[in-house]
Amino acid sequence: MIKINKLIHKLREKINIYNYKYYILNKPAITDQQYDLLLLKLEKLERYIPLEKKQKSPTQNINDSLLKNYKQITHKTPMLSLQNTFNSKFLYKQFICLYKKYINYKNFFCCELKFDGVAINLLYINGYLIHGLTRGNGYIGEDITHNISLINDIPKKLKGNNIPQTLEVRGEIFMTKKNFYYINQNFLMQKKNFCNTRSAVVGLLRMHNMNDYSNLLNFFCYGIGFTNKNIACYHTKLLRQCKTYGLPISRNIISCTKLQEIIQFYDFFKINRHKLSYDIDGIVIKINDLSLQKKIGYNSRAPKWAIAYKFHSQEKNTILKQIFFQTGRTGIITPIAYFKSIKISGVEISYATLYNINEIYRLDLKIGDIITIQRCGNVIPKIIHVVKSKRTKQHTNEVVIPQFCPSCNAKIINNNNLLYCSASFSCKAQFQEYLKHFISRNAINIKYVGQKLISHLVEKNIISNVMDLFTLNEKQLSLLNLGKITTQKILLSLYAKHKVYLHNFLFALGIKNMGIVTSKNIADYFITLENFLKADKDNLLKINGLGLKTISHICNFLKKTENIKYINLLRQKIDIIYLNIMK
Ligand code: IVH
């Protein structure tokens, strides 16, 4: 017994340290799977000790404290955790088999995705958003209404009929993989780098003014905590009802009866999770009948009517071969780590972006190191750490940080460990990346002109500015051996007058921070290009979702005469279609 007590004590200490790193520092030290296994081990050991000795154990608390020093508000119903499993045998033993007697009921279970974000509790009274709380300790949450109300996906007022007077909505705030990449690029200045989409959500929600970034967060509703009026009998119907109120729900929800169907749903998303635009870490299986849910009830940590069936995290070790530095469209130079190629969940990978040189220092990378790569549902693989125990002095070399742009040799500017090429479009890499942006679908969308063609045209010095693209001729294209028909198609497409909407035109200008959604908001506000050219800080501030940083990039862009000249040249080749002009 003394041995068990000692083991329990050691495990609790270990888990508490991991909890601190995860919840307080927002820097997970181990994978979710490793954490869950430790917790499970502790739970098993604690079966041998009396209940009163468990009270202070991490197995008993559902601490999800993201934020300190925020106003604390009690949830109307507790926000509990979810029991979880990683294998189908356990899923059967721990969950499905308990409901054997109901198994012939049609659509007995509901399967959903398990979003990898932050749980949130929204209180609506008479349809109006009153507050938004984090889970906190499960009973009392932290009031983050200010930041929550900046998220577009979260309705400030519910729509439709039949809205209960009091409605406590439960769901997940998450970040798409695309936005995660974007934010890591943007936070470079602050020497911050989020290790996954969940940490990025926590990071933004912790900000006192997340105005600039609020359009990078999304929300899915996955249930109701409290309502004064029953709005549905089944969980699936309840979610559909929530959708009619304007609350976003995931498209990937099924109802089913058999274990086989659940496994099919799980396997499908295990294979296809990388195709989703956001991260998931498993699926959640819930009992569909809400009155049965009520009857089955909860234990101290989690409801007994739901279980998470989680994916194994996908990690492998390999050897770091080299770090190359790549110049992007806006001149930022990003380190890319190349390693001996490995296959993770069927996909061959050989490189990962490091975002900035701080990441090299943080991971303490040396060429020749054995590194652990993770593909956590992300399309973008990540180096999570160096296996230091395998490092040998004779097989590793320091990473050399370049002083000159790898593309054009111009001097590199080092601004707080963020590297910039000091040249602009005279740098081939920057010019090439800008052209790829310019011809892309959301910009000018030039038919038959793709990224590869652009690379060849720039590398072979056939074009050196954007306008050259429109005056390409047969002789120049013949240098690329494309064949007559393709050449003709490209030329016809380039010579035609391009018709693009104002938002696409604005996006094509490649102003820093101005994504397609921001471009659309700007176009909706200014309606014409002439109005946009007269934009100043005051009217830009009136536009939804536009942060100060973006506004300053726009103002700087419009101040430069060469940019106005460029716009005028473009207008000779491009017709802008105006959507909202009164006829
Ligand atoms: S239902 C009483 N459904 O997973 C708890 N949770 O590990 C009911 N999560 O804190 C939760 N996707 O934030 C539910 N489709 C989903 C979910 C989901 C993600 C999160 C949730 C919870 C955590 C538990």
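Numbering of ligands and ligand atoms starts at 1, following listing order. Residue indices begin at 1 and follow the sequence shown. Keep in mind that the numbers below use all heavy atoms, side chains included, and drop hydrogens, waters and symmetry copies.
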Asker: Is the closest side-chain donor-acceptor distance between Glu168 and Thr227 under 3.5 Å?
Answerer: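 Result is no, nothing qualifies.
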Asker: Tell me which part of Arg170 gets within contact of ligand 1: side chain, backbone, both or neither, using heavy atoms under 4.0 Å.
Answerer: neither
Asker: Of the backbone atoms (N, CA, C, O) and the side-chain heavy atoms from C-beta on, which set of Lys114 has a member under 4.0 Å from an atom of ligand 1: side chain, backbone, both, or neither?
Answerer: both
Asker: Are any of the N/O atoms on Leu82, whether in the backbone or the side chain, positioned under 3.5 angstrom from an N/O atom of ligand 1?
Answerer: no
Asker: So for ligand 1, is Lys286 a polar contact partner (N or O within less than 3.5 Å, distance only)?
Answerer: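 Yes - when backbone and side-chain N and O of Lys286 are compared with those of ligand 1, one distance drops under 3.5 Å.
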Asker: Looking only at side-chain N and O atoms, does Asn288 offer a donor or acceptor that is under 3.5 Å from a partner on Thr236?
Answerer: yes
Asker: For ligand 1, which atoms sit closer than 4.0 Å to a heavy atom of Val284?
Answerer: 3 (N), 15 (N), 16 (C), 17 (C)
Asker: With heavy atoms of Pro303 as the reference, note each atom of ligand 1 found under 4.0 Å away.
Answerer: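 In order of number, 2 (C).
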Asker: When rounded to the nearest 0.5 angstrom, what distance separates CD1 in Ile296 from OH in Tyr99?
Answerer: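 That separation rounds to 4.0 Å.
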Asker: Any chance the side chains of Thr372 and Glu315 put a donor and an acceptor closer than 3.5 Å?
Answerer: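 On atom types as modelled, these side chains do not qualify, holding no pair under 3.5 Å.
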Asker: Have Asn121 and Lys76 got a donor and an acceptor in their side chains that come within less than 3.5 Å?
Answerer: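 No, no side-chain donor-acceptor contact under 3.5 Å.
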Asker: Is the shortest distance from a heavy atom of Asn84 to ligand 1 less than 4.0 Å?
Answerer: no
Asker: Nearest heavy atom to atom 13 (O) of ligand 1: which of Glu112, Glu172, Arg301 does it belong to?
Answerer: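 Ranked by closest heavy atom to atom 13 (O) of ligand 1, first place is Glu172.
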Asker: Can you confirm if the aromatic rings of His75 and Tyr139 lie within a centre distance of less than 6.0 Å?
Answerer: no
Asker: Tell me yes or no: between the side chains of Asp289 and Ser291, is some donor less than 3.5 Å from an acceptor?
Answerer: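 Their side chains do contain a donor-acceptor pair, which is all the 3.5 Å distance test asks for.
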Asker: Report yes or no: is the cationic atom of Lys270 (NZ for Lys, CZ for Arg) under 6.0 Å from the centre of the six-membered ring of Phe311, at an angle within 45° of the ring normal?
Answerer: no
Asker: Ignoring hydrogens, just give me the one of Tyr222, Phe174, Phe220 whose non-hydrogen atom is nearest atom 6 (N) of ligand 1.
Answerer: Tyr222
Asker: Taking only heavy atoms of Leu80 into account, list the atoms of ligand 1 that are under 4.0 Å away from them.
Answerer: 2 (C), 5 (C)
Asker: Quick one: does ligand 1 sit under 4.0 Å from the side chain of Val118, the backbone, both or neither, non-hydrogen atoms only?
Answerer: neither
Asker: Please state which part of Met79 comes within less than 4.0 Å of ligand 1, counting heavy atoms only: side chain, backbone, both or neither.
Answerer: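 The answer is neither; Met79 stays 4.0 Å or more away.
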Asker: Report yes or no: is the cationic atom of Lys93 (NZ for Lys, CZ for Arg) under 6.0 Å from the centre of the six-membered ring of Phe90, at an angle within 45° of the ring normal?
Answerer: yes
Asker: Looking at ligand 1, is there an atom of it that comes within less than 4.0 Å of some heavy atom belonging to Arg135?
Answerer: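 Yes.
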